[in-house]
2 protein chains.
Amino acid sequence: MTTVESSGLPADVYSAKCPTRQVLDHISGKWTILVVDSLLEGTMRYTDLSRRIEGVSQKMLTQTLRALEADGFVTRTVHPTIPPRVEYALTDLGRGLAEPITALRRWTETHINEIERARARFAEAQNPPPPSRA
Amino acid sequence: MTTVESSGLPADVYSAKCPTRQVLDHISGKWTILVVDSLLEGTMRYTDLSRRIEGVSQKMLTQTLRALEADGFVTRTVHPTIPPRVEYALTDLGRGLAEPITALRRWTETHINEIERARARFAEAQNPPPPSRA
DNA sequence: CAGCATCCAGCATGATACTG
DNA sequence: CAGTATCATGCTGGATGCTG
């Protein structure tokens, strides 16, 4: 096998088989978090989500919902009426997923100032602007 | 402001100004987690990381390290010797970032079986395979 | 050793038009 | 209403060659 032997390290953190990577690749999609967040407030119809998330294309919304459904994070319920009525809701698994995401969000929000100061320092170091006064 | 009023929702979760999105976009990069994980074990030189992560191109490794440096997650120390010697290390902030990431990793690893069962069910529902025996 | 600059391929995303 | 199908594109990421 091609595993790194000299260390107990990543091995295949980016392998398609790495669970973290699989899930991370999904939630890092542009719309996934928006959808999950929306559904945390309750069941919604396609159009509800579409209007709420505002900016998402039909293609992307559908794609995101399908991926979430495939992973068991949301349920899709079709009411065979006219006009059609499709409702999306989070599963328990989906609500569980929301927790670590929220943890990450909170950590980030707590430290965003620190991060932005670091960025400012970095930018300045790269881009030595004329010290406004010698 | 352009914030959604009718709900306390996403507002601009995908806006460039959303902290969560900013950080998520970074850690969702193919190599960021690998680099952070590696550096959790201690200071490393460029080549150490390059060899350890194995599969990363120079471009991507450099790019990833620069982004992490810009955000204040790693320090880059250049020893002006010949040949050059550059050492990378996690900052406290970087170690802090590792925690929510680890939390996500753990949640995923705990639930990956459930996710994969959901996927199997979904695939089957989409792709009604001939029931091996009528 | 530790990069940077350039070129290129593929996929993710997005806009548009059409359908049950 | 809730999608599907197609086309266009922009950016991510990888390969290659050069430098202090």
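Since we're looking at a predicted model, the values are computed, not measured.
With respect to the salt-bridge test (charged N to carboxylate O, under 4.0 angstrom), the residues Glu41(A) and Arg52(A) qualify. Between Asp48(B) and Arg45(B) no salt bridge is recorded (no basic side-chain N to carboxylate O distance below 4.0 Å). Ion pairing between Arg66(A) and Asp71(A) fails under the 4.0 Å rule for side-chain N and carboxylate O. The residues Arg21(B) and Asp25(B) are annotated as salt-bridged, a charged nitrogen and a carboxylate oxygen being separated by less than 4.0 angstrom.
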Go through Val36(A) and Val74(A) one step at a time and tell me if the side chain to side chain contact (heavy atoms under 4.5 Å, CB included) criterion holds.
-> CA-CA 8 Å; Val36(A) 171; Val74(A) 310; 5.7 Å; no

Kindly determine whether Leu104(B) and Ile27(A) satisfy side chain to side chain contact (heavy atoms under 4.5 Å, CB included), including the steps that lead there.
-> CA-CA 11 Å; Leu104(B) 178 62; Ile27(A) 68 174; 3.9 Å; yes

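For the pair Val56(A) and Pro84(A), both in contact range of DNA chain C, the more 5′-proximal nearest nucleotide belongs to Val56(A). Projected onto DNA chain D by closest heavy-atom contact, Pro83(A) and Gln58(B) fall at different nucleotides, the more 5' of which corresponds to Pro83(A).
When rounded to the nearest whole Å, the span between CZ of Arg76(A) and P of dC1(D) equals 16 Å. When the C1' atom of dC4(C) is taken as reference, atom CG of Leu65(B) falls 14 Å away, rounded to whole Å. One interatomic measurement links the two molecules: CG of Leu61(B) to P of dC4(C), which rounds to 11 Å at whole-angstrom precision. For Asp48(B) and dC1(C), the CG to P distance is 10 Å, given to the nearest whole Å. For the pair Asp25(B) CG and dG13(D) P, the computed distance is 10 Å after rounding to whole Å. Between the CE atom of Met44(A) and the C1' atom of dA2(D) there is a distance of 17 Å, given to the nearest Å. In this structure, His79(B) places its NE2 atom 12 Å from P of dG3(C), rounding to the nearest Å. Between the P atom of dA2(C) and the CD atom of Glu87(B) lies a distance of 9 Å, rounded to the nearest Å.
With dA2(D), dC4(C), dA2(C) as the choices, the nucleotide that has an atom nearest any side-chain atom of Arg45(B) turns out to be dA2(C). Which of dG3(D), dC1(D), dG3(C) sits closest to the side chain of Tyr46(B) comes down to dG3(C).
Between atom CG of residue Leu34(B) and atom CD of residue Glu54(B) there is a gap of 11.0 Å, rounded to the nearest 0.5 Å.
Side-chain atoms of Arg121(A) and Gln126(A) form no donor-acceptor pair, as typed in the model, at a separation below 3.5 Å.
Side-chain contact check for Arg85(A) versus Tyr46(A): every heavy-atom pair is 4.5 Å or farther apart.
For Thr47(A), a side-chain nitrogen or oxygen approaches OP1 or OP2 of dA2(D) to under 4.0 Å. Distances shown here put every side-chain N or O of Tyr88(A) at or beyond 4.0 Å from the OP1 or OP2 atom of dC1(D). Contact annotation: Arg66(B) side-chain N/O to dC4(C) OP1/OP2 distance is under 4.0 Å.
Rounded to 10 degrees, the angle between the two end axes of the helix from dC1(C)-dG20(D) to dG20(C)-dC1(D) is 50°, with five pairs used at each end.
A search for side-chain hydrogen bond (donor to acceptor under 3.5 Å, both in side chains) contacts involving Arg76(B) returns Tyr88(B), not counting sequence neighbours.
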Are there any protein N/O atoms within less than 3.5 Å of an N/O atom in nucleotides 6-13 of chain C, and if so, which ones and at what distance?
{"unit_1": "dT13(C)", "atom_1": "O3'", "unit_2": "Lys30(A)", "atom_2": "NZ", "d": "3.3"}
{"unit_1": "dT13(C)", "atom_1": "O4", "unit_2": "Lys59(A)", "atom_2": "NZ", "d": "3.2"}

